[in-house]
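Not measured: the values here are computed from a predicted model. So that the names make sense, note that chain A is the first sequence line, chain B the second, and so on, each numbered from 1.
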Amino acid sequence: MDEDAGALPKKQDFSEWYNELLWRAEIMDVRYPVKGLYVWFPYGFAIRKFVYQRLRELLDRDHKETLFPLLIPEQEFMKEAEHIKGFEDEVYWVTHGGTTPLDVKLALRPTSETAIYPMFALWVRSHADLPIKIYQVVNTFRYETKQTRPMIRAREITSFMESHTVHATWDEAEAQVESEIALTREFYQSLCIPIIISKRPDWDKFPGADYTIAVDTIMPNGKTLQIGTVHHLGDHFSRTFSIQYEDKNGEQKVAFQTCYGISERCIAALISVHGDDKGLILPPVVATLQAVIVPITIGKRHDDVIAAAEKLKIDLEANGFRVKLDARDMRPGAKYYWWELRGVPLRLELGPRDLDAGKAMAVKRCGGKTTISFATAADDVTRVLGEITEDIREKAEEHMKSHLCTVDSMDALNSALNAGKVVVVHWCRERGCGDAIEEKANSSLLGTDVRSDYIEATDGPCIICGKPGKATLVGRTY
RNA sequence: GGGGUAGUAGGGUAGCCUGGUCCAUCCUAGAGCGUUUGGGACGCUUUGACGGCGGUUCGAAUCCGCCCUACCCCA
């Protein structure tokens, strides 16, 4: 037998592994004939559904979900100068209605500030209208010129959660930024994805923002992936779009705003951080199927085994688990590989021997075997899924810890980066030294004000000029 | 942004320069039948393609033009 039969490329060949896995595990089809646009397979879309369900649950605590149009008229889009500068090279324009050229070109939203804020100007009248906290999950379009990759750099972002808030004061907006950061932490905690939070350097902040807080994770090849950003917009947009309110004293005041975004990159991270050489590994919260029952059917016992498996399935489903009974006419081994590739966290094997013992073999996707008994199936599965979640989280945290380090010289920075690490250095926050670090180490300054559970962020002398510096995260990015 | 290479069935390849064939070929692909089944079973039968549009030609996967897409290298 061919040992390599059906094998994925190894995860250490990350790029190949990722592309092949998306195809084989039926997450995305890259063959759509427009560059940078991809098709969700039903299985991948189901993962998306559970991930975004989790995100919505968190947001719904104090945001309201809305939906704004895809098209933005040119005048509105062009109002905020800095904002335009950041996006003008990557906007798609609708220029015709049928064969008739449009009087006013319409932009396909690259992000929705300029769609939403003119409406905020109408909605906000009094201090009693504030705060406003809304979000939407939409597709956005950017004409990317760099190499596109499914879910990581696409021309259509299919699943962009963007939240937009309006507040009476700058401080209140800042508090909102912190609350969005906490929400992001909680979201990624539930996906078992470790993150690092930092404040992007000024030249890399969101066009039109006071400051940008970014959330990054580390991919298997050591590159960082930005999987969330929170922006304090100050009053830049509210001045441009005249978002004003009348305060308690009857005075007109300009409002302050934040916005915040998470895209399907969170799914790219989910797949990449947890997967292994055999395929996907999905944390139970977002697994399309949390357990698959594979009946081992031989000869006369066939009907008995199937009946017991069906009973187990019904029992587990009644307790709220997402379960499938795989009764296809395939060899059991082939089914194991099939579901391992697709990341199902728990496999329950049920054959004649197990039937007699009143138990099923429980094999964890992340490694390890145990048994569950029919009598206490729901409790046993709850316990085992909990163990799996913890295992997945621990492995992901290990990966992050082992890919983070602190250095105090350019040489050490270069060798750490070449070894696939993300690095904390000290930087004086002068643009010149920042450019020097980026250029000499062929890397990006991810941010200052580093917040991470996995590495200490202390002050120290700038590694370029030696003046007092602050902890700064440096990495090679997607 | 600049340059290069390539698109042939579900996937992988040959064929192209030098236009023509009866059966291209390999596989973890599809369909069908049978025997199997505690870690990727096997046998037999069979389906299916030249990225798109246009041109040259009696005849195009092959030659010409435009477009689309993918990958690699350099900035």
Just call it for A:E340: base, sugar-phosphate, or nothing, with non-hydrogen atoms closer than 4.0 Å on any strand.
base
B:U62 and B:G20, which share atom name P, separated by this distance in whole Å
11 Å
Check nucleotides 31-34 of chain B for protein N or O atoms closer than 3.5 Å to its own N or O atoms and list the pairs.
none

Taking only N/O atoms, report every protein-nucleotides 35-38 of chain B pair under 3.5 Å with atom names and distance.
residue, atom, partner, partner atom, Å
B:U36, O4, A:D329, OD1, 3.1
B:U37, O2, A:M330, O, 3.4
B:G38, OP1, A:R331, NH2, 3.0
B:G38, O6, A:P352, N, 3.0
B:G38, O6, A:R353, N, 2.9
B:G38, N1, A:D354, OD2, 2.8
B:G38, N2, A:D354, OD2, 3.1

Knowing that exactly one of A:T224, A:N221, A:I227 qualifies, which makes a side-chain contact (heavy atoms from CB on, under 4.5 Å) with A:Y478?
A:N221
Does A:R155 qualify as a cation-pi partner of A:Y143, given the criterion of NZ or CZ under 6.0 Å from the six-membered ring centre and within 45 degrees of its axis?
yes
At under 4.0 Å between heavy atoms, what does A:R149 touch on the DNA or RNA strands: base, sugar-phosphate, or nothing?
nothing
Could a donor-acceptor pair under 3.5 angstrom be found where the side chain of A:R24 meets the base of B:G11?
no
Given atom CH2 of A:W23 and atom C1' of B:U28, what is their separation to the nearest angstrom?
13 Å
Criterion side-chain hydrogen bond (donor to acceptor under 3.5 Å, both in side chains) against A:D276, the qualifying member of A:K395, A:R365, A:K11, A:K10
A:R365
Please report the distance separating the P of B:G1 from the corresponding atom of B:U47, rounded so that it comes out in whole Å.
48 Å
For the student: nearest non-hydrogen atoms of A:D354 and A:E349, plus distance:
OD2-O, 3.6 Å
Determine, for A:R153 against A:E144, whether the closest basic-nitrogen to carboxylate-oxygen distance falls under 4.0 angstrom.
yes
Counting primed atoms plus P, OP1 and OP2 as sugar-phosphate and everything else as base, spell out the protein contacts along nucleotides 68-75 of chain B at 4.0 Å heavy-atom distance: B, S or - for each nucleotide, 5' to 3'.
SSSSS---
P atoms of B:G19 and B:C58, separation to the nearest Å
15 Å
A:R31 bridged to A:D29 by N-O distance under 4.0 Å
yes
Looking at A:R353 and A:D304, is there a salt bridge between them, counting it only when a charged N and a carboxylate O are closer than 4.0 Å?
no
Rounding to the closest angstrom, what is the interatomic distance between B:C64 and B:U46 at atom C1'?
39 Å
I'd like the C1' distance from B:G11 over to B:U28, given in whole Å.
9 Å
Using a strict threshold of under 4.0 Å (side-chain N to carboxylate O), is an ion pair present between A:R347 and A:E340?
yes
When A:A334 and A:T145 are each assigned the nearest nucleotide of RNA chain B, the 5'-most assignment goes to A:T145
Consecutive Watson-Crick or G-U pairs in runs of at least 3, all under 3.5 Å, in which RNA chain B is involved:
B:1-7 with B:68-74, B:10-13 with B:24-27, B:30-35 with B:41-46, B:51-55 with B:63-67
P-based separation of B:G48 from B:G43 [nearest Å]:
23 Å
In whole angstrom, give me the gap between the P atoms of B:C73 and B:A49.
35 Å
Report yes if the distance between the aromatic ring centroids of A:Y260 and A:H164 is under 6.0 Å, otherwise no.
no
Partner residues of A:W40 under the side chain to side chain donor-acceptor pair (under 3.5 Å) criterion, sequence neighbours left out
A:T158
Is there a donor-acceptor pair closer than 3.5 Å between any side-chain N or O of A:R142 and the backbone N or O of A:E156?
no
Considering only nitrogen or oxygen atoms on both sides, find all protein atoms under 3.5 Å from nucleotides 47-51 of chain B and state each distance.
none

Roughly how far apart, to the nearest Å, are B:U69 and B:C23 at atom C1'?
32 Å
A:E264/A:R48 ion pair, N-O < 4.0 Å:
no
